[in-house]
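All figures in this text were calculated on a predicted structure; none of them were measured in a lab.
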Amino acid sequence: MRWAAFSCLLVPVVLLWCGTSLAGTAGTALGLTAVTAACRVLLRRSEAGARAVSAPPRGRHHRAPPGARGGGRHRGKNTPVG
């Protein structure tokens, strides 16, 4: 976001240097600032939504049943040894 703030300051300076009117430069600066602020809000919402989706569920109500987990080299009673 530092680049966005930098551009919000740099663009009006360049416009003034090129001879654009003060009112036109002020309007451009306000519009650019508004777009930058809206993008920042949308980006934060998107990041928060991504964190909420990827977070593992917590609490005992979300655990898998005991037999649902697989893997391991456990031998049962009736498994031949060998």
Seminar exercise, completed: Taken in chain and number order and not counting sequence neighbours, the residues that satisfy side-chain contact (heavy atoms from CB on, under 4.5 Å) with Leu10 are Phe6, Val14
Exercise. Can you tell me how far the CZ atom of Arg44 sits from the SG atom of Cys39, to the nearest 0.5 Å?
Worked result: 13.0 Å
Problem set entry | Exercise: identify the closest heavy-atom pair between Val13 and Leu9 | CG2-O, 3.3 Å
Seminar exercise, completed: Tightest non-hydrogen contact, residues Ala4 and Thr36, listed as CB-CG2, 3.4 Å
Kindly list each side-chain donor-acceptor pair under 3.5 angstrom involving residues 15-25, sequence neighbours excluded, with atom names and distances?
{"residue": "Thr20", "atom": "OG1", "partner": "Leu15", "partner atom": "O", "Å": "3.1"}
{"residue": "Ser21", "atom": "OG", "partner": "Gly24", "partner atom": "N", "Å": "3.1"}
{"residue": "Thr25", "atom": "OG1", "partner": "Ser21", "partner atom": "O", "Å": "2.9"}

Exercise. Does Thr33 reach the main-chain N or O of Ala29 with its side chain, forming a donor-acceptor pair under 3.5 Å?
Worked result: yes
